[in-house]
Amino acid sequence: MNQWMERAVELALQNIAQGGQPFGAVLVKGEEIIGEGVNELHLRPDSTGHAELLALRRAQEKLGSIDLRGTVMYASGAPCPMCFGAMAMAGVDKAYYANSLADAMAVGLSRSSEVYADLQKINEERVFRMIHMPVEDIAKSPMHVWHSKT
Ligand SMILES: [Zn+2]
């Protein structure tokens, strides 16, 4: 572990002591932490309250930009599919993790593994389905309207 992962693990251990789940994360740019977070699911009913997502939000607020290219995430636990997507969409360079998905499964935190497995399937075979329902009037299609304005 390096100093950044040590900080992520420390945050996770603090979160456990406060009644939360074992997840902490820090986002680093250069030699500076620009965002930190812990899993906050025990604090409020918000399923997006994951350590990595909160670290991303704080970093984007700090930088005043959604572009996080040139940053590296250190997460105490392997990121879930939601956080994977958020990091990829924001351009985070890479993520290191300490506890693996197998470690999470072993202690009853299996949701990430279930969703990653679902994503490996073709859409029609997934537990969670996304179904195309196109806008019939193209003049009312948000993509068309947006493209027409730009
Ligand atoms: Zn997550």
Side-chain angles (χ1 to χ4, degrees), residues 1-135 141-143 146-147:
M1 289 203 302
N2 64 13
Q3 61 177 317
W4 312 119
M5 187 62 84
E6 284 176 5
R7 175 63 182 158
V9 169
E10 176 187 314
L11 287 169
L13 294 174
Q14 288 172 2
N15 203 46
I16 296 166
Q18 292 166 9
Q21 292 188 8
F23 299 104
V26 299
L27 189 67
V28 175
K29 184 168 192 173
E31 293 297 312
E32 184 189 1
I33 293 175
I34 57 170
E36 288 187 341
V38 296
N39 184 296
E40 296 188 352
L41 301 189
H42 62 300
L43 299 179
R44 63 190 62 82
D46 174 3
S47 63
T48 69
H50 285 196
E52 302 92 323
L53 270 187
L54 295 171
L56 289 181
R57 284 187 191 136
R58 289 166 186 152
Q60 290 171 331
E61 284 172 20
K62 181 183 176 107
L63 298 177
S65 169
I66 61 170
D67 183 357
L68 293 176
R69 286 176 293 180
T71 66
V72 177
M73 185 71 79
Y74 294 87
S76 69
C80 77
M82 173 176 68
C83 294
F84 173 94
M87 289 187 286
M89 294 294 285
V92 173
D93 285 359
K94 61 187 151 188
Y96 292 97
Y97 59 89
N99 285 141
S100 66
L101 289 174
D103 293 336
M105 290 272 282
V107 297
L109 296 167
S110 60
R111 194 67 186 129
S112 288
S113 291
E114 291 167 7
V115 176
Y116 274 123
D118 206 33
L119 283 168
Q120 300 295 313
K121 300 173 188 166
I122 62 169
N123 185 49
E124 290 71 23
E125 294 178 1
R126 289 182 190 145
V127 174
F128 175 71
R129 297 282 314 280
M130 295 198 296
I131 302 148
H132 187 207
M133 185 182 289
V135 179
S141 166
M143 293 288 178
W146 179 79
H147 189 250

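Counting convention: from 1, in listed order, for ligands and their atoms alike.
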Does any part of the side chain of L68, heavy atoms only, come nearer than 4.5 Å to the side chain of L63, both counted from C-beta? yes

Hey, does E32 have a side-chain heavy atom less than 4.5 Å from the side chain of K62? yes

Parallel, tilted or perpendicular: ring planes of Y74 versus W4, cut at 30 and 60 degrees: tilted

Modelled atom types, side-chain donor and acceptor of S47 and R111, under 3.5 Å: no

Which protein N, O or S atoms does the Zn ion (ligand 1) have within a distance shorter than 2.8 Å? H50 ND1, C80 SG, C83 SG

Side chains of P81 and L119: does their closest heavy-atom pair fall under 4.5 Å? yes

Mind checking salt bridge (charged side-chain N to carboxylate O under 4.0 Å, His left out) for R126 and listing every partner two or more places apart, or none if nothing turns up? none

